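Below you'll find the structure, written out as structure tokens, and then a few comments.
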Amino acid sequence: MQQREEKQLESSVESLISHVAHLKNALHSFIYKLENEYERLTWPSVLDNFALLSGQLNTINKLLRNEKTPSFRQQVIIPLLLSPDRDEDLAKLTEQRVPVFSHEIVPDHLRTKPDPEVEEQEKQLSAEAARIGPEVAQKQIQTLNKLCSNLLEKLNNPREDRDLEIAALRLTKQSFNSADTNALVAAVGFGKGLSKCRPPGTVAPGHPGQGPIMSGGPTLQQVTIGLGSGAPQQQGQPGKMPSNIKTNIKAASSMHPYNR
């Protein structure tokens, strides 16, 4: 009886090791593709790799849940020999990951519980979850589900609907001030509110070439034309107006309400 159980356990372990090796090879191949062939990798290929890994994990779970498979939880592993020296057989079995089976490595590899820090964090989370009553938890779940539903609805809406909503918001939102607009129109059309002070650098009345353009509006008397000695006419270019005269005439013209 005992020999039969030992043989059954040995065959189950060999089968489990074989399935884990296939899973490890699939993971290694997928990681290699992600790191080296990511430019040529397509989404259907990624889904195929995930499907392969998922199928292998399901196979391992079915093997562990099989009635003929002995319960590995009832099996106890005891280290019979600990040594700080390198063990070539152990390194070969573990693909050079565990070359030494010493007192420092055994607690990590034969651990059946999480680390003490992880256990403490789990206890804190469990205590916080226990403090929340069922009603509060149900309200939080409903709120989260509502937020997720609204987000999914917005993501699933066509882009045209979102553009129409944005356009409607822009139409309903006022982007101007009526008082400022009326004041600007009155200033441009009728000169309302404009200052009548003389700009700096104007000449005295009586200068040749001065005269009112139209009563009630700005005249060229307010701007210096600059025909004096400061802007002599260049020889070889008859009839060419100096640049400062062009600038002053343009400024005077732009000040007239009919030229705005």
Side-chain angles (χ1 to χ4, degrees), residues 4-80 82 86-102 104-126 128-129 137 140-157 159:
R4 188 178 66 180
E5 291 180 357
E6 289 179 357
K7 289 182 180 180
Q8 188 177 4
L9 177 62
E10 185 177 354
S11 62
S12 300
V13 171
E14 290 178 357
S15 178
L16 182 61
I17 291 174
S18 175
H19 285 88
V20 171
H22 290 303
L23 177 62
K24 184 192 68 175
N25 292 333
L27 283 171
H28 179 74
S29 176
F30 185 40
I31 292 172
Y32 179 82
K33 290 179 181 179
L34 291 176
E35 292 179 350
N36 300 281
E37 301 178 2
Y38 58 91
E39 295 181 354
R40 297 176 295 174
L41 198 63
T42 59
W43 182 242
S45 178
V46 174
L47 293 178
D48 292 340
N49 283 272
F50 274 115
L52 177 61
L53 296 174
S54 177
Q56 291 177 345
L57 288 173
N58 290 330
T59 302
I60 293 175
N61 289 329
K62 290 180 180 179
L63 177 63
L64 294 175
R65 295 172 183 174
N66 193 358
E67 296 179 356
K68 296 182 179 180
T69 303
S71 179
F72 291 103
R73 294 182 179 179
Q74 298 177 0
Q75 307 298 326
V76 181
I77 300 177
I78 300 175
L80 300 178
L82 299 178
R86 179 182 177 86
D87 190 347
E88 295 297 337
D89 295 335
L90 180 62
K92 185 178 179 180
L93 290 172
T94 59
E95 297 181 354
Q96 307 299 326
R97 290 192 297 270
V98 186
V100 178
F101 204 61
S102 61
E104 183 180 359
I105 293 177
V106 166
D108 294 331
H109 286 76
L110 300 184
R111 182 186 297 275
T112 57
K113 290 184 178 182
D115 293 336
E117 297 179 356
V118 177
E119 285 187 343
E120 186 65 26
Q121 291 179 0
E122 288 184 353
K123 289 180 180 179
Q124 292 179 0
L125 293 175
S126 300
E128 292 179 1
Q140 292 180 357
I141 292 173
Q142 292 177 357
T143 304
L144 180 60
N145 290 335
K146 185 177 180 180
L147 291 174
C148 294
S149 300
N150 294 334
L151 180 60
L152 289 174
E153 185 178 356
K154 290 182 179 179
L155 292 175
N156 293 329
N157 283 340
R159 184 177 179 181

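Worth saying up front: this structure is predicted, and the values here are computed from it rather than measured. Computed over heavy atoms, backbone and side chain alike; hydrogens, waters and symmetry mates excluded.
Heavy atoms of other residues, nucleotides or ligands lying less than 6.0 angstrom from CD of Glu104 number 12 at most. Within a 6.0 Å radius of CZ in Arg86, more than 12 heavy atoms belonging to other residues, nucleotides or ligands are found. The environment of CG in Leu47 is crowded: more than 12 heavy-atom neighbours from other residues, nucleotides or ligands sit within 6.0 Å.
Between the Asn150 side chain and the Lys146 main chain, a donor and an acceptor come within less than 3.5 Å of each other. Checked by atom type and distance alone, the side chain of Ser149 pairs as donor or acceptor with a backbone atom of Asn145 at under 3.5 Å. Remark: the backbone N or O of Ala26 is not paired with any side-chain donor or acceptor of Ser29 at under 3.5 angstrom.
Rounding to the nearest 0.5 angstrom, the gap separating the CD atom in Glu35 from the CG atom in Leu41 is 12.0 Å. How far CD1 of Ile105 is from CG of Asp108: 8.0 Å, rounded to the nearest 0.5 Å.
Looking at heavy atoms from C-beta onward, Gln56 lies out of side-chain contact with His19 at the 4.5 angstrom threshold. Under the 4.5 Å side-chain criterion, counting only non-hydrogen atoms from C-beta, Leu63 is not in contact with Thr59. In this structure the side chain of Phe101 reaches within 4.5 angstrom of the side chain of Leu90, judged on heavy atoms.
For Arg65, the side chain to side chain donor-acceptor pair (under 3.5 Å) test picks out no residue, with sequence neighbours left out. Residues satisfying the side chain to side chain contact (heavy atoms under 4.5 Å, CB included) criterion with Glu14, sequence neighbours excluded, are Glu10. For Glu37, the side chain to side chain donor-acceptor pair (under 3.5 Å) criterion is met by no residue, not counting sequence neighbours.
Applying the salt bridge (Lys or Arg N to Asp or Glu O under 4.0 Å) test to pairs two or more places apart or on separate chains, none has a residue in residues 44-57. Among pairs with a residue in residues 30-64, those fulfilling ring pair (Phe, Tyr, Trp, His ring centres under 6.0 Å) read Phe30-Phe50, at least two apart in sequence or across chains.
Val98 and His109 get closest at one heavy-atom pair: CG2-NE2, 3.4 Å. Closest heavy-atom contact between Ser12 and Pro70: OG-CD, 3.2 Å. Nearest heavy-atom pair across Leu82 and Pro79 is CD2-CB, 3.8 Å.
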task = Could you check Leu151 against Leu147 for side-chain contact (heavy atoms from CB on, under 4.5 Å), going step by step and ending with a plain yes or no?
result = CA-CA 6 Å; Leu151 180 60; Leu147 291 174; over 6 Å; no
inquiry  = Could you go through Leu64 and Leu16, starting from their C-alpha distance and side-chain angles, then the distance that decides it, and tell me whether this counts as side-chain contact (heavy atoms from CB on, under 4.5 Å)?
reply    = CA-CA 8 Å; Leu64 294 175; Leu16 182 61; 4.1 Å; yes
Do any side-chain atoms of residues 110-125 form donor-acceptor pairs under 3.5 angstrom with protein atoms, and if so which ones, sequence neighbours left out?
| unit_1 | atom_1 | unit_2 | atom_2 | d |
| --- | --- | --- | --- | --- |
| Arg111 | NE | Asp115 | OD1 | 3.3 |

